[in-house]
Amino acid sequence: MEVRNKEQVISRMKSVVASKQFGQEDILCPLIADACIQVCPKNPANINVDNVRVAKLLGGLHNSSVVRGMVLRNDAVNAKVSVYASGVDTSATETKGTVLIHSAKQLENYAKTKEAKIEELIKAVADSGAKVIVSGGAVGEMALHFWLKLSQPNPDDLGYVDSVSVEEIGGVRVLSNIYAYLPGFTIVKNEEGGNSVCAVVLRGSTDSILEDLERAVDDGVNTYKAMCRDNRIVPGAAATEIELARKLKEFS
C-alpha cells in the first residue's frame, strides 16, 4: 500500500470512520485522507497527528473542506503581536522547595501573591497594545484568565483557545478574510509549498453534531498514522477469528 495514494487510504479508512458516522464516511474520508497526505513527512512513520487540525463551523456537512494551513477563530486585523520563545506561565524552580504554612491566612496570602505577579505581567502586555500572543510553550490557566479579563473579548469567543507554536508559524503569512466561506477567521498559510499543518473545516447544524464529526476525524487521522507504521490489515468484526476457527476445525 502507498500511504500517499488517496484512493487506497480512503478504502482502508472507511470502516473506522463509519463506526462513528455511518452514512457520512463518503464525505469525511476524502477530507481526512487529503489532510493527512498533505502533512505526511518524507518518512511516513514520523507523522504527527497534531498537524491535522479541526475547525468547526455551523452549516451543512457537504460544504466541509480542507485548508492548507491553520484556521484560527477570530479575525485579527492590524493587531500588535507579542511573541515569546517560552511559555506564558510562572517558571518552575530547578530544585524542589518546601513551603511551611501554619494557618489559612498564610495560605490565602501565598495564593494572592502568585496571582498578583501573573496579573502584573499580563497587564504589562495588555498595556503595550498587543492583541495577539504567540508562545513557544503552554499558556497557563491563570495567565489565560487575566488575559481574557483585561482584553475583554466577545462573550461568544470565550472558551475557545487555539495553540500555535513558534515552529508552526515560521515562514508563513497570515491571510485574513480571503476566503468567502470563512468570515471572521484567520488563516495561516505556508506559501513556500508544502504545509506542516493542515485544517479540516467541518460544518454541522449543531455543536453536538460537530463534536461527533470531530471525533470521527480524530479516529481517521489515527488510523492513517497506524497505516504509516504498518499498512497490513485484517478483516474486522471477528471475521479473522471465525475463519481461523473454521480452518482449525477442517484440519482436526
Side-chain angles (χ1 to χ4, degrees), residues 1-21 24-56 64-73 83-88 134-139 161-175 179 182 185-202 211-237 239-240:
M1 173 197 167
E2 174 56 49
V3 294
R4 291 182 175 84
N5 187 309
K6 187 175 179 180
E7 297 302 324
Q8 293 183 16
V9 172
I10 291 174
S11 65
R12 287 163 172 77
M13 192 182 291
K14 274 189 175 181
S15 60
V16 176
V17 177
S19 66
K20 285 283 174 60
Q21 289 292 321
Q24 309 293 352
E25 63 273 12
D26 290 333
I27 301 174
L28 293 173
C29 286
L31 298 175
I32 302 170
D34 192 17
C36 291
I37 292 171
Q38 288 182 31
V39 303
C40 185
K42 292 182 179 180
N43 183 4
N46 295 331
I47 187 171
N48 185 1
V49 295
D50 292 333
N51 289 341
V52 179
R53 303 193 174 218
V54 176
K56 296 175 287 187
S64 300
S65 58
V66 176
V67 174
R68 297 187 178 186
M70 288 182 290
V71 178
L72 309 178
R73 189 171 179 178
V83 182
Y84 301 95
S86 59
V88 184
V134 178
S135 68
V139 178
V161 179
D162 203 338
S163 59
V164 185
S165 69
V166 176
E167 291 79 7
E168 288 173 339
I169 66 170
V172 302
R173 185 165 71 93
V174 178
L175 312 173
Y179 290 86
L182 291 176
F185 281 72
T186 299
I187 297 174
V188 181
K189 184 177 181 181
N190 191 332
E191 296 182 319
E192 299 176 356
N195 292 274
S196 59
V197 180
C198 195
V200 179
V201 182
L202 293 176
E211 290 174 1
D212 290 339
L213 291 172
E214 184 179 13
R215 283 191 285 270
V217 171
D218 290 341
D219 286 355
V221 174
N222 282 284
T223 301
Y224 184 83
K225 179 182 178 180
M227 287 190 291
C228 287
R229 295 182 175 179
D230 188 353
N231 55 31
R232 295 173 297 177
I233 60 173
V234 295
T240 304

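The model shown is predicted, which means the values in this text are computed figures rather than measured ones.
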Salt bridge (Lys or Arg N to Asp or Glu O under 4.0 Å) involving Arg229 - partner list, sequence neighbours excluded: none
Contact check, side chains of Thr223 and Met227, non-hydrogen atoms, under 4.5 Å: yes
pair Cys198-Asn51: side-chain heavy atoms closer than 4.5 Å: no
Partners meeting salt bridge (Lys or Arg N to Asp or Glu O under 4.0 Å) with Lys20 (sequence neighbours left out): Asp219
Pairwise side-chain contact, Glu211 with Arg215, heavy-atom cut-off 4.5 Å (strictly under): yes
Under 3.5 Å donor-acceptor, Asn222 side chain and Asp218 backbone: yes
Any Val200 side-chain heavy atom under 4.5 Å of Val52 side chain: yes
Validation: residues 10-18 side-chain donor-acceptor distances under 3.5 Å, sequence neighbours left out:
| from | atom 1 | to | atom 2 | distance (Å) |
| --- | --- | --- | --- | --- |
| Ser11 | OG | Gln8 | O | 2.8 |
| Arg12 | NH1 | Gln8 | O | 3.4 |
| Lys14 | NZ | Asp26 | OD1 | 3.0 |

Tyr224 side-chain N/O to Val3 backbone N/O, donor-acceptor pair under 3.5 Å: yes
Minimum heavy-atom distance Cys228-Pro44, with the two atoms named: CB-O, 3.3 Å
Spacing of Cys40 atom SG and Asn48 atom CG [to the nearest 0.5 Å]: 11.5 Å
Heavy-atom closest contact (Leu202 atom, Glu214 atom, distance): CD1-N, 3.8 Å
Heavy-atom pair of closest approach, residues Ile32 and Ala216: CD1-O, 4.2 Å
